[in-house]
2 protein chains.
Amino acid sequence: MPDTTTDLWFRVLNEVAIIDQLARALFEARLPSGFLVSHFSVLNHLIRVGDGRTPLELARAFQVPKTTMTHTLGGLERAHLVEMRPNPEDGRSKRVWITEEGRAFREEAIAGLGPDVARLAALVPEETMAALVPGLEALRRALDADRDRPGPP
Amino acid sequence: MPDTTTDLWFRVLNEVAIIDQLARALFEARLPSGFLVSHFSVLNHLIRVGDGRTPLELARAFQVPKTTMTHTLGGLERAHLVEMRPNPEDGRSKRVWITEEGRAFREEAIAGLGPDVARLAALVPEETMAALVPGLEALRRALDADRDRPGPP
DNA sequence: ACTATATAGTACGATATGATACTAAAGGCA
DNA sequence: TGCCTTTAGTATCATATCGTACTATATAGT
């Protein structure tokens with residue numbers, strides 16, 4: 001494996017890290033004070049894949065430790081954006097339901113981003129963005145698949 | 001602006017967030033206990049662009065608040081991986097110099113990643129990775145340029 | 001059924017990150 | 001020169017994130 005491979009991977013992952021940082025900062029600035037991208041992401045996920053997920057399912061979906069998800073869900077619950085109810089099929093577990101307030105919060109957040117997306121979309125052609133998707137998906141799948149193989153300790 | 005534009009941006013930024021999370025976790029697991037990607041990134045930056053940068057320059061390069069950079073540099077300094085010396089040209093400021101230990105730390109970290117990159121490179125064709133670079137750069141530049149225009153408060 | 005193991009969630013503590021507010025030095029301008 | 005504003009860095013504090021350890025429940029093996 002030539003060094004250029006490592007260089008290329010570093011370069012891609014470095015760009016990814018900067019993009020994530022900038023996008024997160026921009027988005028967070030649009031959310032009501034006290035809310036983070038993590039809160040929105042959970043609400044958005046519950047809409048996309050349907051609510052009634054368990055905390056552990058959510059933690060896996062976002063690749064965060066379950067303690068982090070407990071914390072994030074606690075914030076959402078205190079704000080009445082989700083409700084946690086016992087899981088009738090498993091006494092250890094719970095299910096997370098989004099409330100009407102939660103749905104409204106998500107929709108307002110998305111609407112609030114409209115002008116930002118519009119400004120950015122004027123700077124990056126739609127084809128450029130669309131062309132990124134397959135490569136990013138392939139990269140994400142590779143990293144995800146590799147996660148199961150810790151390799152050398 | 002059609003909704004599909006917002007959807008596309010969400011999709012790209014979501015993939016970016018997951019990739020960053022997975023890559024960071026993988027990398028951090030290879031670093032000596034107590035060190036984070038942020039520490040490595042600073043060392044790597046000092047090698048790439050040359051040391052003698054000021055803390056503020058570094059904060060800007062990584063798009064983090066200067067207080068965060070102060071903290072990160074503190075960790076590097078305690079571990080003797082960098083030295084902070086006064087800036088003779090500006091009494092308010094300092095300059096950051098990488099030590100021999102710092103150089104060695106960086107090289108070992110990169111070497112330690114070798115097997116990981118090799119495994120991942122087997123899963124994602126080099127062309128796929130290379131093809132991502134221009135689009136990611138364009139996206140990063142757009143986000144960076146937009147940062148100066150807060151838009152609607 | 002009984003025991004051992006695995007799993008879901010949480011409590012607690014450590015630390016990274018980031019906002020606010022401060023100090024000290026520079027720079028601008030009368 | 002003296003004053004005002006800007007800038008570099010840090011101290012302090014709030015909180016997000018995550019590791020460890022614990023409890024309660026479920027599952028497997030006998």
Side-chain angles (χ1 to χ4, degrees), chain A residues 17-18 20-29 31-42 52-79 82-97 147 150, chain B residues 17-18 20-29 31-42 52-79 82-97 147 150:
Chain A
I18 294 176
D20 186 55
Q21 173 96 8
L22 291 171
R24 184 173 294 268
L26 172 64
F27 194 174
E28 226 143 71
L31 291 178
S33 163
F35 292 98
L36 304 177
V37 173
S38 51
H39 295 120
F40 171 84
S41 300
V42 168
R53 302 305 99 200
T54 70
L56 192 56
E57 278 176 319
L58 295 171
R60 290 209 180 100
F62 290 102
Q63 316 291 359
V64 298
K66 53 186 182 172
T67 61
T68 300
M69 188 51 64
T70 297
H71 184 82
T72 301
L73 290 171
L76 288 170
E77 200 178 17
R78 272 196 309 281
V82 302
E83 281 174 14
M84 314 267 288
R85 305 198 208 127
N87 181 356
E89 296 161 26
D90 188 332
R92 295 168 299 181
S93 123
K94 299 180 178 175
R95 291 195 177 281
V96 183
W97 304 91
R147 209 156 39 105
Chain B
I18 295 176
D20 186 55
Q21 171 97 8
L22 291 170
R24 185 173 293 267
L26 173 63
F27 193 175
E28 225 143 71
L31 291 177
S33 163
F35 291 98
L36 304 177
V37 172
S38 51
H39 296 119
F40 171 85
S41 300
V42 168
R53 301 306 99 200
T54 70
L56 193 56
E57 279 176 319
L58 295 172
R60 291 211 180 98
F62 291 101
Q63 315 291 0
V64 298
K66 53 186 183 174
T67 63
T68 300
M69 188 51 64
T70 297
H71 184 83
T72 301
L73 290 171
L76 288 169
E77 199 178 19
R78 271 197 309 281
V82 302
E83 281 174 13
M84 314 266 289
R85 306 197 208 129
N87 181 356
E89 296 161 27
D90 187 333
R92 297 168 298 180
S93 122
K94 299 180 178 176
R95 291 195 176 280
V96 183
W97 304 92
R147 210 154 40 104

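Each chain gets a letter, A, B and so on, in the order its sequence line appears, and its residues count up from 1.
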- Item | Sequence-distant partners of Arg60(A), salt bridge (Lys or Arg N to Asp or Glu O under 4.0 Å), two or more places apart | none
- Please report the shortest heavy-atom distance between Glu57(A) and Arg53(A), naming the atom on each side. OE1-CA, 3.3 Å
- Message: Is any side-chain heavy atom of Pro55(B) closer than 4.5 Å to one of Val96(B)?
- Response: yes
- Note on the structure: Ser38(A) has its side chain closest, among dC18(D), dT17(D), dG9(C), to dT17(D)
- Item | Closest to the Lys66(B) side chain, choosing from dT10(C), dA8(D), dG18(C) | dA8(D)
So which protein nitrogen or oxygen atoms get under 3.5 Å of nucleotides 24-26 of chain C's nitrogens or oxygens?
from	atom 1	to	atom 2	distance (Å)
dA26(C)	OP1	Gly91(B)	N	2.7
dA26(C)	O4'	Arg92(B)	NE	3.4

- Give the minimum heavy-atom separation between Pro88(A) and Pro86(A), together with the two atoms involved. CD-O, 3.3 Å
- When the distance from CD of Gln21(A) to P of dA16(C) is rounded to whole Å, what number comes out? 16 Å
- Query: Nearest 0.5 Å, what's the NZ-CG distance between Lys66(A) and Leu56(A)?
  - Reply: 6.5 Å
- Task: In whole angstrom, give the distance that lies between atom CZ of Arg85(B) and atom P of dG9(D).
- Result: 15 Å
- Between Glu28(B) (CD) and dT17(C) (C1'), how many Å, whole number? 13 Å
- Task: Scan Arg95(A) against the nucleic acid and name what it touches under 4.0 Å (heavy atoms): base, sugar-phosphate only, or nothing.
- Result: nothing
- Grab the CZ-P distance between Phe62(A) and dT17(D) for me, whole Å please. 12 Å
- Item | d(CG, Asn87(B); P, dT7(D)) in whole Å | 16 Å
- Rounded to the Å, how far apart are Glu57(A) CD and dG9(C) C1'? 14 Å
- Message: Does dA8(D) have OP1 or OP2 under 4.0 Å away from a side-chain N or O of Thr54(B)?
- Response: no
- Message: Check whether Glu28(A) reaches the backbone of Val37(A) with its side chain - one donor and one acceptor, N or O, closer than 3.5 Å.
- Response: yes
- dA8(C) phosphate, OP1 or OP2: any side-chain N/O from Arg60(A) under 4.0 angstrom? yes
- Task: Please report the shortest heavy-atom distance between Thr72(A) and Val42(A), naming the atom on each side.
- Result: CG2-CG2, 4.1 Å
- Task: Find which nucleotide of DNA chain D each of Gln63(A) and Pro55(B) is nearest to by heavy atoms, and output the residue with the more 5' nucleotide.
- Result: Pro55(B)
- Side chains of Arg24(B) and Asp20(B): closer than 4.5 Å at any heavy-atom pair? yes
- Report the distance from atom CZ of Phe40(B) to atom P of dA16(C), rounded to the nearest whole Å. 18 Å
- Task: Enter the distance from Thr54(A):OG1 to Met84(A):CE here, rounded to the nearest 0.5 Å.
- Result: 9.5 Å
- For Arg24(B), report the nucleic acid contact type (base, sugar-phosphate, nothing); a contact means any heavy atom under 4.0 Å. nothing
- Task: Figure out the CZ/P separation between Phe35(A) and dA14(D), and round it to whole Å.
- Result: 19 Å
- Is there a donor-acceptor contact under 3.5 Å from the side chain of Gln63(B) to the main chain of Gln21(A)? no
- Of all of residues 67-75 of chain A, which get a heavy atom below 4.0 angstrom from DNA chain D, listed by number? Thr67(A), Thr68(A), His71(A), Thr72(A)
